[in-house]
Amino acid sequence: MTTEDGPGMVREKMFVEYPADTRLSQSSTTPGGRNGLLRDEDNHLAGHSVLYPADDDLLTRAEADALADARVRLTQAEAEAMLKLAMAGAAAAGIVVTAAAVKAAPYVRKGFANLKSKLNRGEPEIADEASGTIIEIKVPERTTRSEQPPRALPSS
């Protein structure tokens, strides 16, 4: 049941459903009109109302309950879809983190090995605070491969 109200405007009788602790927003363009946005006590946006087409006969209580049940089922289906999406996202994030850890492991291992070797090297001189003298610590000389004598190849 629609009527035209001016050029490009349609008026239709609807049932509106929204939570009891909210109210419909005032229309900013039509004096006395309301829109589907819901506001709370502090006039903050709280959501959207649900509109149902209205016939000339009012809905019976059973029809209203059936509409509410359909809405709840839709909400549960959406919640299940969101849960599946979140689980897939968490699995993908886990795969990415694992791959990054595997790629970074050799670099981290090398970094710790370098740190360990730096810590194991002795300082050439350490000041003895008690006597005020400098104690010299001898560190064995290290040779590089170019300084070592060539190895003999095993004969077969």
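Here the structure is a predicted model, which is why all the values come from computation and not from measurement.
Across Pro31 and Thr29, no two heavy atoms sit closer than the pair CD-O, 3.7 Å.
Partners of Thr22 by side chain to side chain donor-acceptor pair (under 3.5 Å), not counting sequence neighbours: none found.
Tracing side-chain contacts under 4.5 Å through hydrophobic residues (I, L, V, M, F, W, Y), one never reaches Leu37 starting from Val50; they form parts of separate clusters. Using a 4.5 Å cut-off between side-chain heavy atoms of Ile, Leu, Val, Met, Phe, Trp and Tyr, with links allowed through other members, Leu24 and Leu45 fall into different hydrophobic clusters.
Contacts classified as side chain to side chain donor-acceptor pair (under 3.5 Å) and involving residues 32-45 (residues at least two apart or in different chains) are given here: Arg23-Asn43, Ser25-Arg39.
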